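Worksheet: one structure, shown below.
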Protein chains: 2
Amino acid sequence: MPDVKGELRPLDTRPGETRPAAGAGLLFLREEELRAAQDLLFFAYRDFTGAADEVLAGLGMGRAHHRALHFIGRNPAIPVSDLLAILHITKQSLARVLTALVEDGYVIQQQGQTDRRQRLLTLTARGEALERQLFERQRERLAHAYREAGAGAVDGFRRVMRGIMDGDARQYLDRGSR
Amino acid sequence: MPDVKGELRPLDTRPGETRPAAGAGLLFLREEELRAAQDLLFFAYRDFTGAADEVLAGLGMGRAHHRALHFIGRNPAIPVSDLLAILHITKQSLARVLTALVEDGYVIQQQGQTDRRQRLLTLTARGEALERQLFERQRERLAHAYREAGAGAVDGFRRVMRGIMDGDARQYLDRGSR
DNA sequence: TAATTATGGCAGTAATGTTGACGTAGCTGG
DNA sequence: CCAGCTACGTCAACATTACTGCCATAATTA
């Protein structure tokens, strides 16, 4: 565990909490660094999703609808089971939003050709339009962040984010799409 | 709203990747890049929070409790209003988890000295222990990601994450702590 | 044919969030 | 000093999103 990352920050302005006394200085710095990452993930995710939430609220939908739209859009003709595996939610939770999306004409279900039990999910033109509208809100933030941070930073961002997620999520991302 | 985008998307098996599509090549790549970032944020956040959720479930608590513990831990003697501003939830939503945390002895409320209307929130030793237990789960992932990605990547990660969040979130992070 | 798989559906529950209204104590400015 | 604002608490009602468990159907597979 090479966590010898000396920077010697004498802690912030406050003297309290988590006083490991003396020799744990380096260890403490590393911890602060990781706690700061917790903050980053919280705020970035909060504001990133918040951008789309505003639009969704006006349509009587929530984040769950957006997530479904997003992954169906990126994986046309995706079977329900694959979508469940991506979202890590239960069948019933997905069914709720999926029913709404189909009824409102955002998604169509088609019977699978190789396996006729499957209901392959695809966005309609209407669904693509909505997904795009939601994407545009988030796009602004991302484009801003990417532009401001620069190409090298973006690569680092990608690498760290991949490292945080589970192996099967990385695997999913690696396989192009389907 | 430009939803001219009729049914014309014949590329069934593979949506993105190397779609020249005439002169819009560069623009398209940029879009794919940003959509990939949506994926990254979803999976990283999903698995990052999931790590702590396992512990929380065993204690009959949820993410909301963890978020409160985290920010109280990082800001001892924080007034309720400040915590509300960080979490972006309503007073009532916070009150629910806060009541539980106080009743279970994880958090103490102390009257403010300069402004006696304030209830300053601080973790008890028990609260610190729980927060630490939750942190440890996430720490593994973060440490793994940071180690694997390298110091340069971590810097890029930080810069991009900061770019995604709102200005006031950046401001909060910049002020050290309180 | 029997077992498994993919999917759908129903019932009930929990966690988290919302709005709106009301109350109380304490601070602050004219 | 009083009026008004602020910080906080609380109650009621409701929506979204998640969960578990159970049952059903159709299609694939061994």
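Side chains are part of it too, since the values below use all heavy atoms of this structure and drop only hydrogens, waters and symmetry mates. Keep in mind that this is a model prediction, so the values were computed, not measured. Here is the naming used below: chain letters follow the sequence lines, and residue numbers restart at 1 for every chain.
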Are there any protein N/O atoms within less than 3.5 Å of an N/O atom in nucleotides 19-22 of chain C, and if so, which ones and at what distance?
from	atom 1	to	atom 2	distance (Å)
C/dG20	O6	B/Q92	NE2	3.0
C/dA21	N6	B/Q92	NE2	3.3

- Partner set under salt bridge (Lys or Arg N to Asp or Glu O under 4.0 Å) for B/R119, not counting sequence neighbours: none
- Across all chains, not counting sequence neighbours, the salt bridge (Lys or Arg N to Asp or Glu O under 4.0 Å) partners of A/R117 are A/D115
- Item | Spacing of B/Q118 atom CD relative to C/dT24 atom C1', expressed in whole Å | 16 Å
- Task: State which residues pass side-chain contact (heavy atoms from CB on, under 4.5 Å) with B/Q110; sequence neighbours excluded, sorted by chain then number.
- Result: B/I108, B/T122
- Identify, with sequence neighbours excluded, every residue that meets side-chain contact (heavy atoms from CB on, under 4.5 Å) alongside B/Q92. B/T90
- Message: Suppose we screen for ring-ring contact (aromatic ring centres under 6.0 Å, His included). Which residues come up paired with B/F42, at least two apart in sequence or across chains?
- Response: A/F71
- Note on the structure: When rounded to whole Å, the CD1 to P distance for the pair A/I89 and D/dC19 reads 7 Å
- Query: Under the 3.5 angstrom rule, does the side chain of A/Q111 hit a backbone N or O of A/R116 as a donor-acceptor pair?
  - Reply: yes
- Query: Taking for each residue the nucleotide of DNA chain D with the nearest heavy atom, is it A/L94 or B/R119 whose nucleotide lies nearer the 5' end?
  - Reply: B/R119
- Roughly, in whole Å, what's the span from CG in A/L84 to C1' in C/dA6? 10 Å
- Rounded to whole Å, CD1 of A/I78 lies from P of C/dT7 at a distance of 10 Å
- Item | Side-chain N,O (B/S81) to OP1/OP2 (D/dT6) below 4.0 Å | no
- Separation of D/dA7 atom C1' from B/L83 atom CG, nearest Å, is 14 Å
- Query: Nearest-Å distance, CG (A/D53) to P (C/dT16)?
  - Reply: 17 Å
- Item | Where at least one partner belongs to residues 159-169 of chain B, residue pairs that pass side chain to side chain donor-acceptor pair (under 3.5 Å), sequence neighbours excluded | A/R141-B/D166, B/D155-B/R159, B/R162-B/D174
- Task: Return yes if some donor-acceptor pair links the side-chain N/O of B/T49 with the main-chain N/O of B/Y45 below 3.5 Å, else return no.
- Result: yes
- For residues 40-56 of chain A, which residue pairs qualify under salt bridge (charged side-chain N to carboxylate O under 4.0 Å, His left out), counting only residues two or more places apart or in two chains? A/D53-A/R63, A/E54-A/R137
- Query: Roughly how many Å is it from CG in A/L120 to C1' in C/dG8, rounded to a whole number?
  - Reply: 16 Å
- Task: Mind checking salt bridge (Lys or Arg N to Asp or Glu O under 4.0 Å) for B/E136 and listing every partner two or more places apart, or none if nothing turns up?
- Result: B/R132, B/R139
- Mind calculating the distance between CG (A/L56) and C1' (C/dT18) to the nearest angstrom? 16 Å
- Would you jot down, in residue-number order, the residues of residues 101-117 of chain B having a non-hydrogen atom under 4.0 Å from DNA chain C? B/T114, B/D115, B/R116, B/R117
- Output every pair passing salt bridge (charged side-chain N to carboxylate O under 4.0 Å, His left out) with a member in residues 90-104 of chain B, not counting sequence neighbours, ordered by first then second residue. none
- In residues 63-72 of chain B, what residues come within less than 4.0 Å of DNA chain C, judged by heavy atoms? B/R63, B/A64, B/H65, B/R67
- DNA chain C nearest-nucleotide lookup for A/T99 and A/R96: closer to the 5′ end is A/T99
